Amino acid sequence: MVRAMSQRLPTQFADLLTPKGRRILEGRDSETCGALLDPTRPFIALQGVIDVKKAAEARDLLDAALRDTLVTMEDPIPEDSISGMVENYTEALPKTVRVRTALLESRRSRSWRAAEAVGLTALLRSDTFAAFAATVSGRPLKRGWGIQVLCYGPGDYTGPHNDHHPEEADARDGYVDMHVSLTMPAVDHQYLVYAKDGHFSELTRVSTVGGVTVYRLPFWHYTTPLAAKPGKEDAARRWVLLGTFLDAAPGTRPSSSVLPAGAPPPVRTVTVGRGTGAGRR
């Protein structure tokens, strides 16, 4: 298995899961399945659902295959964010970010070819990847979900933002993101900070090996700068495999949706339902 993993990722997300992860996928974990139906719960961070050895193998494979194909995604603080102010206490900060990403939207890109070669795109497009997100969120999700790969290095971060898309009909009422974190041993820490009761007062560690975080967006949050262990900055990277899923509207054909485990098939109606949209972390 280790030899196979060192050359190519499994084609199904389920093949990475521990017995605990499979119980969730099959709808047999009452504490996790449908957890995000609670409107007060914006996300759930799961440990022990992906086999750590398989996660480490996958991480090392991606680091070798994709690292040199990445491009920088950078939106700094606007230069006039201070000098352009003309009134006290009117400062406004747009979303800022510095991270590297793999360009998986274009089949012509080096990233896409590398991801195809090691089986990454097949893994992120697998039915069990989407089924896991649907079962934890408790909602039927549309097929054709978005996929993305991010790589945080020392000092890389994502600033405060909420991932709300009010101009997109499919996204304005909420949607689901799922992240798989694959962190190199040289990383010391990285955290997700999120709002509770109107304040950035909560945080959870995301610099894990095989941790899975499922989000119900939008909500206010940010990702802290990645910190490397002393003297190991060159080897400090955190890979994030990301899927973005829209809600399936009521009446969506079963072939066009991914149902939570154990959910009955949707009933066809003439009512136009509300959908949801795509976010970035």
Side-chain angles (χ1 to χ4, degrees), residues 9 12-13 16 21 36 42-46 49-50 55 58-59 61-63 65-67 69-73 75 95 97-106 109 111-112 114-116 118-134 136-137 141-153 156-159 161-165 171 174-184 190-192 194 204 206-219 221-224 226 237-247 258 276-281:
L9 296 165
Q12 285 292 333
F13 182 66
L16 294 175
L36 298 188
F43 73 94
I44 183 170
L46 302 170
V49 298
I50 291 180
R59 174 201 65 199
L61 175 59
L62 294 179
D63 197 64
L66 269 71
R67 186 174 65 207
T69 74
L70 300 173
V71 298
T72 299
M73 182 169 66
D75 289 311
K95 179 179 176 180
V97 62
R98 185 178 64 202
V99 68
R100 288 182 293 167
T101 186
L103 299 177
L104 300 183
E105 298 85 359
S106 172
S109 72
S111 293
W112 188 90
E116 276 285 294
V118 298
L120 176 60
T121 49
L123 175 68
L124 295 180
R125 294 290 186 199
S126 66
D127 288 343
T128 51
F129 184 72
F132 195 93
V136 174
S137 73
L141 303 176
K142 285 184 180 180
R143 292 192 176 274
W145 57 92
I147 62 174
Q148 190 176 10
V149 175
L150 302 176
C151 183
Y152 289 90
D156 288 348
Y157 75 103
T158 303
H161 63 289
N162 56 33
D163 282 321
H164 185 33
H165 298 277
Y175 57 98
V176 173
D177 261 15
M178 185 166 81
H179 296 183
V180 178
S181 183
L182 302 171
T183 306
M184 303 293 289
Q190 190 170 39
Y191 293 93
L192 175 78
Y194 59 100
T204 188
V206 291
S207 49
T208 61
V209 182
V212 178
T213 311
V214 187
Y215 303 84
R216 183 63 183 178
L217 297 162
F219 65 95
H221 58 287
Y222 64 90
T223 306
T224 64
L226 183 138
R237 288 176 292 280
R238 173 179 167 247
W239 292 85
V240 182
L241 311 182
L242 187 154
T244 296
F245 304 87
L246 306 177
D247 290 353
V258 180
T276 48
R280 298 292 183 270
R281 181 125 1 268

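Predicted, not measured: the structure shown is a model, and the values here were computed from it.
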Audit row: Gln148, Leu104, side chain to side chain contact (heavy atoms under 4.5 Å, CB included) steps and yes/no: CA-CA 7 Å; Gln148 190 176 10; Leu104 300 183; 6.0 Å; no

Do you see a donor-acceptor pair shorter than 3.5 Å between the side chains of Ser137 and Arg216? no

Please determine whether side chain to side chain contact (heavy atoms under 4.5 Å, CB included) holds for the pair Leu123 and Leu16, giving the CA-CA distance in whole Å, both sets of side-chain angles, and the decisive distance to 0.1 Å. CA-CA 10 Å; Leu123 175 68; Leu16 294 175; 4.1 Å; yes

Only counting residues at least two apart or in another chain, list the ones meeting side-chain contact (heavy atoms from CB on, under 4.5 Å) with Asn162. His164, Trp220

Note, Leu242 side chain near Val149 side chain (heavy atom, < 4.5 Å): no

Test side-chain hydrogen bond (donor to acceptor under 3.5 Å, both in side chains) on Ser181 and Arg238; report intermediate values, then the result. CA-CA 7 Å; Ser181 183; Arg238 173 179 167 247; 2.9 Å; yes

Partners passing side-chain hydrogen bond (donor to acceptor under 3.5 Å, both in side chains) against Thr128 (at least two apart in sequence or in another chain): Gln12

When rounded to the nearest 0.5 angstrom, what is the spacing between CG in Leu192 and NE2 in His221? 6.5 Å

Please state whether the rings of Phe219 and Tyr215 are parallel, tilted or perpendicular, taking 30° and 60° as the class boundaries. parallel

How long is the straight-line distance from CG of Leu61 back to CH2 of Trp239, given to the nearest 0.5 Å? 10.0 Å

Which residues pass the ring-ring contact (aromatic ring centres under 6.0 Å, His included) test with Phe13, not counting sequence neighbours? Phe129, Phe132

Hey, mind stepping through His179 and Leu150 against side chain to side chain contact (heavy atoms under 4.5 Å, CB included) and telling me if it holds? CA-CA 10 Å; His179 296 183; Leu150 302 176; 6.0 Å; no

Salt bridge (Lys or Arg N to Asp or Glu O under 4.0 Å) with Arg100: which residues, sequence neighbours excluded? none

Residues in side-chain hydrogen bond (donor to acceptor under 3.5 Å, both in side chains) contact with Arg125, at least two apart in sequence or another chain: none

Return the set of residues passing side-chain hydrogen bond (donor to acceptor under 3.5 Å, both in side chains) with Tyr194 (not counting sequence neighbours), or none when no residue passes. none

Suppose we screen for salt bridge (Lys or Arg N to Asp or Glu O under 4.0 Å). Which residues come up paired with Arg237, at least two apart in sequence or across chains? Asp63

Just so I know, are the side chains of Lys142 and Phe245 near enough to count as touching, which here means a heavy-atom distance under 4.5 Å? no

Are the side chains of Val214 and Asp177 in contact, using a 4.5 Å heavy-atom criterion? no

Not counting sequence neighbours, which residues clear side-chain contact (heavy atoms from CB on, under 4.5 Å) with Thr69? List them please. Leu66, Arg110, Ser111, Ala114

For Arg59, run the side chain to side chain contact (heavy atoms under 4.5 Å, CB included) check against Thr183, Leu182, Val180 and tell me which one passes. Leu182

So which heavy atom on Ala58 is nearest to which on Leu9, and how close? CB-CD2, 3.4 Å

Got a sec, which residues hit side-chain hydrogen bond (donor to acceptor under 3.5 Å, both in side chains) with Thr213, two or more places apart in sequence or on another chain? none

Is it the case that Tyr152 and Ser207 place a side-chain donor and acceptor less than 3.5 Å from each other? no

Nearest heavy-atom approach of Ala55 to Ile50 is CB-CG2, 3.9 Å

Before you tell me yes or no, could you show the steps for Leu241 and Leu120 under side chain to side chain contact (heavy atoms under 4.5 Å, CB included), namely the whole-Å CA-CA distance, both residues' side-chain angles and the distance that decides it to 0.1 Å? CA-CA 9 Å; Leu241 311 182; Leu120 176 60; 4.0 Å; yes

Would you please name every residue forming a ring-ring contact (aromatic ring centres under 6.0 Å, His included) with Trp112, sequence neighbours left out? none

Apply side-chain contact (heavy atoms from CB on, under 4.5 Å) to Ala65 and list each qualifying residue two or more places apart in sequence or on a separate chain. Val118

Out of the candidates Asp75, Asp156, Thr158, only one should pair with Arg98 under the side-chain hydrogen bond (donor to acceptor under 3.5 Å, both in side chains) rule; please name it. Asp156

